[in-house]
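Beneath this line is the structure, given in structure tokens, with notes to follow.
Heavy-atom basis, side chains included; hydrogens, waters and symmetry copies ignored. All values derive from a computational prediction rather than experimental measurement. FYI, the numbering just counts along the sequence from 1.
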Amino acid sequence: MTKKHWFLLETEEQYEDAVSRYETVKYATAGEDHQEKLLLAHLIEMYENKHWDLPDVDPVEMIKIRMEDFGYRAADLAAVYGDKGTVSKVLNYKQPLSLTMIRKFSELLRLPISALTKEYELTH
């Protein structure tokens, strides 16, 4: 098999190919696959920042928008995070997002981490 050479992502097809390959190498920790993973993460982020116009909303609202986009429910987020109660508290502005949640939800919902790190008000 010939190793694919990556260039700037200019089309949706190239973007989808990059995301697909990233899913294959995302757990690599060393060697060429790890270097390719880092390159793909950068190329994917650049494409998303250029082509996706994210609304200026707080992180919880952003999560809810993307949940609707993908047809996810709170249970789907809980399956990724591992704790339904905490996910519910976050979605109801009772508890802030944790770093682990930010990482997992960024990947699941295909959101840049920066969209989930903005400050927002909690309710009591």
Side-chain angles (χ1 to χ4, degrees):
M1 185 175 120
T2 306
K3 187 157 178 81
K4 180 161 174 103
H5 294 281
W6 293 104
F7 299 96
L8 292 178
L9 306 178
E10 297 176 335
T11 67
E12 186 72 20
E13 182 180 354
Q14 291 171 339
Y15 169 77
E16 292 298 330
D17 286 348
V19 169
S20 176
R21 178 62 182 155
Y22 178 83
E23 290 298 319
T24 303
V25 297
K26 70 181 174 184
Y27 297 112
T29 58
E32 286 185 22
D33 283 350
H34 178 68
Q35 291 175 331
E36 184 180 16
K37 172 184 77 170
L38 296 176
L39 174 62
L40 287 169
H42 178 70
L43 293 173
I44 290 166
E45 181 180 20
M46 286 178 54
Y47 182 89
E48 290 174 349
N49 288 342
K50 181 178 180 182
H51 292 86
W52 294 0
D53 188 23
L54 297 175
D56 188 25
V57 296
D58 71 61
V60 174
E61 191 61 30
M62 180 66 67
I63 289 170
K64 290 178 180 179
I65 290 168
R66 294 302 281 172
M67 286 172 64
E68 188 174 318
D69 289 346
F70 290 118
Y72 292 151
R73 299 170 325 209
D76 299 312
L77 270 62
V80 169
Y81 180 67
D83 182 6
K84 187 176 182 178
T86 302
V87 169
S88 177
K89 289 176 186 174
V90 166
L91 293 176
N92 288 302
Y93 294 91
K94 303 290 185 193
Q95 182 174 326
L97 284 159
S98 69
L99 183 56
T100 301
M101 288 179 127
I102 289 169
R103 288 178 178 146
K104 290 185 178 205
F105 295 166
S106 169
E107 185 176 321
L108 174 70
L109 301 171
R110 293 189 182 174
L111 285 168
I113 287 178
S114 61
L116 300 178
T117 57
K118 295 178 186 174
E119 288 190 40
Y120 62 97
E121 296 284 327
L122 297 177
T123 59
H124 296 280

Under 3.5 Å, is there a donor-acceptor pair between the side chain of E61 and the main chain of V57? no
Looking at every heavy atom in both L40 and A18, which two are closest together, and how far apart are they? CD2-CB, 3.9 Å
What distance do L91 atom CG and Q95 atom CD have between them, rounded to the nearest 0.5 Å? 11.0 Å
Is F70 close to L108 at the side-chain level, that is, under 4.5 Å between some pair of heavy atoms? no
I need the full list of salt bridge (Lys or Arg N to Asp or Glu O under 4.0 Å) pairs touching residues 68-91, with sequence neighbours left out, sorted by first then second residue. R66-D69
Can you pull the salt bridge (Lys or Arg N to Asp or Glu O under 4.0 Å) pairs that have at least one residue in residues 34-45, sequence neighbours excluded? K3-E36, R21-E36
Rounded to the nearest 0.5 Å, how far apart are CD1 of I113 and CZ of F105? 13.0 Å
When rounded to the nearest 0.5 Å, the distance separating CD of E12 from CG of D17 is 10.5 Å
Roughly how far, to the nearest 0.5 Å, is OH of Y72 from CG of L77? 8.5 Å
With a 4.5 Å cut-off on side-chain heavy atoms, are I63 and L97 touching? yes
For Y81, give me all partners under ring-ring contact (aromatic ring centres under 6.0 Å, His included), at least two apart in sequence or on another chain. none
Keeping S106 on the side-chain end and P112 on the backbone end, is there a donor-acceptor pair under 3.5 Å? no
Test of understanding: with side-chain contact (heavy atoms from CB on, under 4.5 Å), list the residues that count as partners of E119, not counting sequence neighbours. none
Are L116 and V80 joined in one hydrophobic group, where the rule is that I, L, V, M, F, W and Y side chains link up if heavy atoms are under 4.5 Å apart? yes
Is any side-chain heavy atom of R110 less than 4.5 Å from a side-chain heavy atom of V19? yes
Any side-chain donor near an acceptor of the partner, D33 and Y27, under 3.5 Å: no
Atom of K64, atom of Y93 and distance for their closest heavy-atom approach: NZ-CE1, 4.0 Å
Do M62 and L111 make a side-chain contact, defined as non-hydrogen atoms from C-beta onward lying under 4.5 Å apart? yes
Below 4.5 Å, heavy atoms only, C-beta onward: do V90 and M101 meet side chain to side chain? yes
Under the salt bridge (Lys or Arg N to Asp or Glu O under 4.0 Å) rule, what pairs show up with a residue in residues 90-107, not counting sequence neighbours? K26-E107
Taking only residues two or more places apart in sequence, or in another chain, which ones meet Y15 in a ring-ring contact (aromatic ring centres under 6.0 Å, His included)? Y47, W52
Check for me, please, whether L8 and W6 land in the same ILVMFWY cluster - side-chain distances under 4.5 Å, paths through other members count. yes
